[in-house]
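Heads up, the thing below is written out as structure tokens.
All values below were derived from every heavy atom in this structure, side-chain atoms included, with hydrogens, water molecules and symmetry-related copies excluded. Within every chain, numbering begins at 1; the chains are lettered A, B, ... in the order of the sequence lines, protein sequences first and strands thereafter.
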Protein chains: 2
Amino acid sequence: MSSLSPSASPRSSSGATVQALRAGCSACGMHQLCLPMGLDQGDMQRLEQVINRRRKVKRDETLYHVNDKFDMLYAIRLGHFKTFQHNPNGGQQITGFQMAGELLGMDAIGAGHHLCEAVALEDSEVCEIPFASLEDLFRDMPILLRQFHRMMSLEISREQRVMLTLGSMTAQQKMAAFLVNLSSRYVSRGYSSTRFQLRMTREEIGNYLGLAVESVSRLLSGFKKTGVIDVNHRDVELLDLPSLRSIALGSDPCA
Amino acid sequence: MSSLSPSASPRSSSGATVQALRAGCSACGMHQLCLPMGLDQGDMQRLEQVINRRRKVKRDETLYHVNDKFDMLYAIRLGHFKTFQHNPNGGQQITGFQMAGELLGMDAIGAGHHLCEAVALEDSEVCEIPFASLEDLFRDMPILLRQFHRMMSLEISREQRVMLTLGSMTAQQKMAAFLVNLSSRYVSRGYSSTRFQLRMTREEIGNYLGLAVESVSRLLSGFKKTGVIDVNHRDVELLDLPSLRSIALGSDPCA
DNA sequence: CGTAACGTTGATACATCTCAACTACGGTGG
DNA sequence: CCACCGTAGTTGAGATGTATCAACGTTACG
């Protein structure tokens, strides 16, 4: 593929499309969750200027590989990703599922190159944010800096919750916690808290939670049988969110 | 206890002691690992000025609790800590063991209050760094900012490695990886790569690795029997670091 | 329409936990 | 200084949650 298609030029007859492509943070539905949170109009425009382009990433396509040089952060504009580390046996350990408004690549700042791989779970779109330019903005945009620190910190605490899950929960608790977590993240994006589609395979869920595929399947079937959820393929409905929460907390109301 | 002992006053006949107490980052052995890494003399002094005091934390004493308001980061000057989350059953899930030169509290920036608890594993000492003052310094100390980002990022990738450990390793691999990790951290602090003291109990190791105490004990005994390590209580010697590494990677040379 | 990836369900195996008994150590008070 | 006691650690035997193996159903897609 060519690195720059002709239509990337700003002058074009189809103004609307280009506008949409050029449209930056202010027009993005994720801007209260993402890096521009809290910025005024002027600062947001300055931020938009450093985002050199938006990039479409097709399903199963890799956004970055392990050992790729780090120079960009990626803000997910649309779609879902998974990030994973390679374990020594050639397998992978998924460290997170990311959705619109979340930032990818923060783990690479320290090492200068990527330590994990990010793959799109569906056709997606990210904003490329050159980190060097972002650092320049930090100098005189303290609100932006603060939001960046917030996002890094939230990533740290997210991972701590995953450790808690992996280290001290039963399979059933893990599964319930996983569904509850997805639910709350969709809520904060304006979607239903009870109905959503799983963007990942059972195998990916199992990998993430430290469970076998078969266990994931059995657990979902079990939840369905006891009526706390309904599942058909990737479509999930959380019929009894409170019960699901209490299962996650270790008290099984249906035991 | 009184909040300020008389000897905290700068004027004192025992100049050396006071000097040591006042002495900031430049005199601290950890300064190439910690926040001041890469700063010139002047910048380091400005950083020292915002560190309002050093605080001793006795063994088993809590540095901060869950829900404590966040306003400080803590740089460990001396000693060891554990951080843990509370799991719903009243237990804890240890999310990390921290040693000198490492930063505590970064996970609280996002929420504004602490989400985990930090407890000293031995008599320790930390530098209190008011985060608001640190943010002020960031404005005109880009090198400091960069190092801060590095440290946050490294924390994210550290946690990802723990996820890999918890999610896809056998008990034996976890234990080997744990020892190898401690080893490498002691090396970068100038200590032996093969001889060190465990600062935590078997129970804490097990909790961290998602294993029962008894399993930890059996694994250590097993390693001792096959000659890859020597253990006596908290004293460990890694007799065959390469073997230990390959056990961690999944290939057991002694199987 | 065929094929491969995905998902489900059952039977069995096994890694690790749990329970239990015991030992060793370190601090404390007599 | 010694005896005591509680905590930490070890080891064994048995229980169990989850993985593994195997067979099969289902969906998506070329």
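Residue A/T201 is classed as a sugar-phosphate contact, given heavy-atom separations below 4.0 Å to backbone atoms only. Within 4.0 Å of B/A171, counting heavy atoms only, lie sugar-phosphate atoms of the nucleic acid but no base atom. Among the protein residues, A/G210 comes within range of the sugar-phosphate backbone only, with heavy atoms under 4.0 Å from sugar or phosphate atoms but none that close to a base. Within the 4.0 angstrom heavy-atom criterion, no nucleotide atom of any strand lies near B/L220.
Between B/S221 and D/dT11 there is a side-chain N or O to OP1 or OP2 distance below 4.0 Å. Dashed line: the shortest gap from a side-chain N or O of A/R218 to OP1 or OP2 of C/dT8 is not under 4.0 Å. At C/dC25, one or more side-chain N or O atoms of B/H233 fall inside 4.0 Å of OP1 or OP2 (strictly under the cut-off). The shortest distance between the side-chain N/O atoms of A/R234 and the OP1/OP2 oxygens of C/dC6 is not below 4.0 Å. Proximity of A/S215 to the phosphate of D/dA19: a side-chain N or O atom is located under 4.0 Å from OP1 or OP2.
Between the A/N207 side chain and the A/I94 main chain, a donor and an acceptor come within less than 3.5 Å of each other.
A distance of 8.5 Å separates CD1 of A/I229 from NZ of A/K224, quoted to the nearest 0.5 Å.
For the pair A/E122 CD and D/dA28 C1', the interatomic distance rounds to 17 Å; values are reported in whole Å. Rounding to whole angstrom units, CG of residue A/L219 and P of C/dG7 are separated by 15 Å. Going from atom CZ of A/R202 over to atom P of D/dT26 covers 15 Å, rounded to whole Å. Nucleotide C/dC6 holds its P atom 19 Å from the CG atom of A/N232, rounded to whole Å. Rounded to whole Å, the distance from CD on A/E204 to P on C/dA5 is 14 Å. In this structure, the CG atom of B/L121 is 16 Å from the C1' atom of D/dT7, given to the nearest Å. Across the protein-nucleic acid pair, A/Q197 atom CD and C/dG7 atom C1' stand 16 Å apart, rounded to whole Å. One can place CG of A/D235 at 15 Å from C1' of D/dA28, the figure rounded to the nearest angstrom.
Residue B/E214 places a side-chain atom within donor-acceptor reach of the base of C/dC19, judged by atom type and a 3.5 Å distance cut-off alone.
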| said: Checking B/Y191 against B/F196 for the ring-ring contact (aromatic ring centres under 6.0 Å, His included) test, could you report, in this order, the C-alpha distance in whole Å, the side-chain angles of both residues, the deciding distance, and whether it holds? | reply: CA-CA 8 Å; B/Y191 299 114; B/F196 48 84; over 10 Å; no
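Screening A/R199, A/K56, A/R59 for a salt bridge (Lys or Arg N to Asp or Glu O under 4.0 Å) with A/E122, the sole residue that qualifies is A/R199.
More than 12 non-hydrogen atoms from other residues, nucleotides or ligands lie less than 6.0 angstrom from CZ of B/R189.
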